[in-house]
Amino acid sequence: MISFVLRRLMSAVPTVFIVVTISFFLMRFAPGGPFNLERPLPPQTMANILATYQLDQPLWKQYIHYVGNAVTGDFGPSFIYKDNTVAELIGKALPYSMQLGSMAILIALIGGVLLGTIAALRQNSVLDFSLMAFATVGVTVPNFVVGPVLTLIFAVILSWLPAGGWGDGSLQFLILPMIALALPQLAVFARLTRGAMIEALHTDHIRTAKAYGLPSRVVVVTHALRGAMLPVVSYLAPCAAALLTGSAVVESIFTIPGVGRYFVLGALNRDYPLVMGTVILVAIFVIVFNLAVDIAYGLLDPRVRHD
């Protein structure tokens, strides 16, 4: 297993390199620039600014310079937050995103698996159809709709919860963004669990367990649910990477100072280093969580264990 983990970590290096390369050139070829203002700056002032950030160099030199610094963890200075480096901004924002994202993942995972299991055990009943209808709504309605609707109902009309802000991380400020983040993922987990559970409950393995007279709770929880977790675990990696590194939409709606909000501000202002830093962060999270999923696969199903 150790050699497998080391091989996967080594194979992740070219993946990150490709992500950095594609993102770098896409940002540079996109229309507009970080210092294109409505009132153009004097030519000498613009030349000095470009020289300060080495944007006057040929593109290939900028690329080599950026990759060389990024390897050491230096993602350069931010263009819009002039007193901060990108590493400092991400370091300040990441705890907010991870706290909010980890709570959203817990809600989505526990709620989705529970609802999916109940739907599978009551297959083709009214309860099953109702839960899957709820899951379908959760999957199809995007965050930028769910967030404002929650704010309108619970913050504006009922005045039960704050409309936005972090509020030192107190629960009342996190409830609405947490639900907005968790709802689509909860629906996906519910649908995945239902399908996998129905398939697992009709296998010979489960029939044998029932024939031995095992209690239904043991058959469902210990035998059927364990096998049904494989597709859920597969989806958990990209889900966790997306939520823990911040949601651009939800963090912008609820004015949470997380990584996603910095990504939006960086993209709108053509802040190349800030956007690149957030992209690299997400890529690293995706790789790490995919590795964790591969390890979890081996623990859940001995047939796919790695040497």
Side-chain angles (χ1 to χ4, degrees), residues 12 16 19-20 23 27 70 73-76 78-81 84-112 142-148 150-151 155 161-186 188-189 235-269 271-293:
V16 175
V19 170
V20 170
S23 303
M27 285 293 298
D74 180 9
F75 300 125
S78 168
F79 292 166
I80 55 176
Y81 299 97
N84 297 99
T85 65
V86 171
E88 290 171 344
L89 293 173
I90 292 177
K92 287 191 293 187
L94 190 57
Y96 298 112
S97 295
M98 291 193 70
Q99 182 178 342
L100 181 63
S102 58
M103 290 189 292
I105 290 173
L106 280 178
I107 293 173
L109 184 60
I110 295 173
N143 280 331
F144 61 82
V145 174
V146 175
L150 290 175
T151 303
L161 296 168
W166 183 251
D168 296 327
S170 59
L171 185 60
Q172 61 176 343
F173 282 86
L174 300 184
I175 290 177
L176 293 183
M178 206 162 49
I179 294 174
L181 267 181
L183 187 59
Q185 310 304 333
L186 185 150
V188 174
F189 281 128
Y235 182 71
L236 188 59
C239 170
L243 295 187
L244 292 177
T245 53
S247 164
V249 174
V250 172
E251 289 183 358
S252 297
I253 291 174
F254 294 99
T255 61
I256 294 173
V259 176
R261 190 158 178 260
Y262 276 124
F263 175 81
V264 173
L265 293 174
L268 291 176
N269 292 281
D271 191 339
Y272 301 147
L274 186 55
V275 174
M276 289 293 299
T278 56
V279 169
I280 293 173
L281 177 71
V282 173
I284 292 174
F285 266 67
V286 169
I287 290 169
V288 170
F289 279 103
N290 276 324
L291 175 60
V293 164

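Since the structure is predicted, the reported quantities are computational estimates derived from the model, not experimental observations.
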Report yes if some heavy atom in the side chain of Met178 is under 4.5 Å from a heavy atom in the side chain of Leu171; otherwise report no.
-> yes
Gly147 backbone acceptor or donor facing Thr151 side chain under 3.5 Å = yes
What is the distance from atom CD1 of Ile284 to atom CG of Leu281, rounded to the nearest 0.5 Å?
-> 6.5 Å
Minimum side-chain heavy-atom gap Leu174-Trp166 below 4.5 Å = yes
Would you find a donor on one side and an acceptor on the other, under 3.5 Å apart, between the side chain of Asp271 and the backbone of Ile80?
-> yes
Look up atom CG in Leu150 and atom CG in Leu176, then write down how far apart they are to the nearest 0.5 Å.
-> 5.5 Å
Taking the side chain as every heavy atom from C-beta outward, state whether Pro238 and Val286 have any pair of such atoms under 4.5 Å apart.
-> no
When rounded to the nearest 0.5 Å, the distance separating CG of Leu244 from CG of Leu94 is 8.5 Å
Drop me the distance from Phe75's CZ to Leu89's CG, to the nearest 0.5 angstrom.
-> 12.0 Å
Heavy atoms of Pro184 and Asn143 approach each other most closely as CG-OD1, 3.5 Å
Euclidean distance, Asn84 CG relative to Lys92 NZ, rounded to 0.5 Å | 4.0 Å
How close do Ala104 and Leu243 get, heavy atom to heavy atom, and via which atoms?
-> CB-CD1, 4.2 Å
Check whether any side-chain N or O of Thr278 sits under 3.5 Å from a backbone N or O of Val275 as a donor-acceptor pair, and report yes or no.
-> yes
Pairwise side-chain contact, Pro162 with Phe173, heavy-atom cut-off 4.5 Å (strictly under) = yes
Locate the shortest heavy-atom distance separating Gly73 from Ala87; write the atom from each residue and the value.
-> O-CB, 4.2 Å
Would you find a donor on one side and an acceptor on the other, under 3.5 Å apart, between the side chain of Ser23 and the backbone of Val20?
-> no
Once you round to the nearest 0.5 Å, how far does CE of Met103 lie from CD1 of Ile175?
-> 9.5 Å
Ile105 side chain reached by Leu236 side chain, heavy atoms, under 4.5 Å = yes
Which atom pairs, one a donor and one an acceptor, fall under 3.5 Å between side chains of residues 253-265 and the rest of the protein, sequence neighbours left out?
| residue | atom | partner | partner atom | Å |
| --- | --- | --- | --- | --- |
| Thr255 | OG1 | Gly165 | N | 3.0 |

